[in-house]
Amino acid sequence: MYYIGIDLGTSSVKGILADSSGNVLRETSEEYPVYYPKDGWSEQNPEDWLAAAKKIIERLSDGLTDKIGGLSFGGQMHGLVLLDENDNVIRPCILWNDGRTEKETAYLNEKIGREKLSKLTANIAFAGFTAPKILWVENNEPENFARIRKIMLPKDYLTYKLTGVHATDYSDASGMLLLDVENKRWSEEMCEICHVKMKWLPRLFESYEKVGKTLPSFGLPNAVVAAGAGDNAAAAVGMGAVKEGDCNISLGTSGTVFVCQDKFSVDEHNSLHSFAHANGKWHLMGCILSAASANKWWLTDILKTTDYSGAVEDAKDLLGKNDVFFLPYLMGERSPHNDVRARGAFIGMRPDTTSAMMSLAVLEGVAFALRDCVESAKSCGLKITKSNLCGGGAKSELWRKIIANVLNVKVDCTETEKGPSFGAALLAMVAGGEYKTTEEAAAKTVKSKTAAKPDKELVKLYDERYNVFKKLYPALKDSFALI
């Protein structure tokens, strides 16, 4: 049998067709628009996702409709999809990167209180989370709030349309701020705080569990549909990060540090998200808002060059010795600072500072910010000795080397990187009975190779540099608030 994995992203939906051994046989994508009705707002039409997903499924299953054993989704997290009593979409989906909920986020963190939120949901409120968006709709669009009969996340809208089942998985639900993550159930008290009726919320599943079968109109008579996962959890499965201490770092537009844990835990400052994982257990995740995008901004927008490797060539001998530091907070920062007012900064420049040194500082600054997240995970008792690395930034041999030495871990890359779509296909395989567990599926299908190893001398030098870096944000925090 063959399996379809679909990644519902912010700019496009991507899909793959894989056999049970993990060989990717077909892949395709379909773009759709993002709407920005006001400054800081970000929305999409769920019907655009559905139309794109239908095209993806048709292309991938062409000539094989009766041989598709299952499909599943990895999806952009936190988005708010609202349906009325007739299952019509009430308003455009408010996306994960929408910034309109500053007041609602402050209300939850300050009025309800971070300590109480953490006790109820294992997390504090962030502007991108779903619960603040629900409060925003109630406060600003009461006529729409009154029509709500179903609340769901982006990928779950597609699952609902494919199966008729109102469902979500624990990993994606973890980012709503409505889930008791430790006990894997909706928090009644949190729902009361956000004026959410329990009957509006979907049924909860493990990511690899069968939700149902595709409706006849989709023409896939033998396809089961797995619950799927949030994009980071799905990507982690697709990279083979499914066991205690496994780490997956993504160097995309933003950067994420995803660390698997068998037992639930929360870091004491809530600097990391404590979410359920797609393997049935849990993970800690840190997110930095500017990663490869910071490098693109510096090289493309400021230096006006597309020669990424050439821009830093003259500074390669300065690894661990660069006196220039870069704070990569161009979009504010989420983990570990949770500070929307944080800003980017170059520090330590002298008359002999070169553009190559500044280019190197950008790569190092992102690596130091990722280490902030790794250190928070280690504070929970997790041991991290290696990490998978994915995303556009992972293509840079120099950046891989920097990260290996800043974090003092072996860095692996998979032979084939297909992001959340491959992880979704593996979840579909488990739901379809090809494998018993996500661990077995990953062990049989994910092929990795070592991309960089730490060097003792460089690790020592970067430890010294990191000790300087971690003092810079606290020194500048009050100044950032004045900008």
Among D169, T168, T438, N279, the one residue meeting side-chain hydrogen bond (donor to acceptor under 3.5 Å, both in side chains) with S207: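 Single side-chain hydrogen bond (donor to acceptor under 3.5 Å, both in side chains) partner of S207 among D169, T168, T438, N279: D169.
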Would a distance-only check, ignoring hydrogens and angles, find a side-chain to backbone donor-acceptor pair under 3.5 Å from [X] to [Y]?
{"X": "S250", "Y": "G391", "result": "no"}
{"X": "N109", "Y": "A125", "result": "yes"}
{"X": "R343", "Y": "R341", "result": "yes"}
{"X": "S293", "Y": "T253", "result": "yes"}
{"X": "H277", "Y": "A241", "result": "yes"}
{"X": "S335", "Y": "C287", "result": "yes"}
{"X": "H78", "Y": "G175", "result": "yes"}
{"X": "T101", "Y": "A127", "result": "yes"}
{"X": "H283", "Y": "A276", "result": "yes"}

Plane angle bin for Y466 and F368 - parallel if under 30°, tilted between 30 and 60°, otherwise perpendicular: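 Tilted.
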Parallel, tilted or perpendicular: rings of F129 and F126 (30°, 60°):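 F126 and F129: tilted rings.
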Minimum side-chain heavy-atom gap K199-H166 below 4.5 Å: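 Not touching, per the 4.5 Å side-chain cut-off.
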Validation row: L220, L71 side chains within 4.5 angstrom (heavy atoms):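 L220 reaches L71 side chain to side chain.
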Exercise: do S12 and S29 side chains pair donor with acceptor under 3.5 Å: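 The answer is no; no qualifying pair exists.
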Donor-acceptor side-chain pairing of T10 and W96 below 3.5 angstrom: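 Per modelled atom types, T10 and W96 side chains form a pair under 3.5 Å.
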Is it true that [X] and [Y] make a salt bridge, defined as a side-chain N closer than 4.0 Å to a carboxylate O?
{"X": "R371", "Y": "E375", "answer": "yes"}
{"X": "D87", "Y": "K150", "answer": "yes"}
{"X": "K477", "Y": "D339", "answer": "no"}

What's the shortest heavy-atom distance between [X] and [Y], and which atoms?
{"X": "I193", "Y": "K116", "answer": "CD1-CE, 4.5 Å"}
{"X": "S187", "Y": "M190", "answer": "OG-N, 3.1 Å"}
{"X": "C194", "Y": "A131", "answer": "SG-CB, 3.8 Å"}
{"X": "Y35", "Y": "D48", "answer": "OH-OD2, 3.9 Å"}
{"X": "M77", "Y": "D231", "answer": "CG-OD1, 3.7 Å"}
{"X": "M239", "Y": "L389", "answer": "CE-O, 3.7 Å"}

Partners meeting ring pair (Phe, Tyr, Trp, His ring centres under 6.0 Å) with W298 (sequence neighbours left out):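 Applying ring pair (Phe, Tyr, Trp, His ring centres under 6.0 Å) to W298 gives F346.
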Pairing residues for H337 by the ring pair (Phe, Tyr, Trp, His ring centres under 6.0 Å) criterion, not counting sequence neighbours: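 With neighbours one apart ignored, the set is Y329, Y473.
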Pair E47-Y157, side-chain hydrogen bond (donor to acceptor under 3.5 Å, both in side chains): steps then yes or no: CA-CA 9 Å; E47 293 297 333; Y157 177 74; 2.6 Å; yes
K54, NZ atom: more than 12 neighbouring heavy atoms under 6.0 Å: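 No, not enclosed.
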More than 12 heavy atoms of other groups within 6.0 Å of E115 CD: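 Counting other residues, nucleotides and ligands, CD of E115 stays at 12 neighbours or fewer.
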S376 and D267: CA distance, side-chain angles, deciding distance, side-chain hydrogen bond (donor to acceptor under 3.5 Å, both in side chains) verdict: CA-CA 7 Å; S376 293; D267 80 283; 4.7 Å; no
Residue from L201, I148, L135 passing side chain to side chain contact (heavy atoms under 4.5 Å, CB included) with V196: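 The passing option is L201.
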Sequence neighbours excluded, every pair satisfying side chain to side chain donor-acceptor pair (under 3.5 Å) that has a member inside residues 122-141: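 Qualifying pairs, neighbours excluded: R91-E141, E104-N139, E138-H195, E141-N144.
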Distance flag, aromatic centroids of F145 and W200, threshold under 6.0 Å: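 Yes, close enough.
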side-chain contact (heavy atoms from CB on, under 4.5 Å) assessment of L382 paired with E244: CA-CA 8 Å; L382 292 169; E244 168 90 11; 3.1 Å; yes
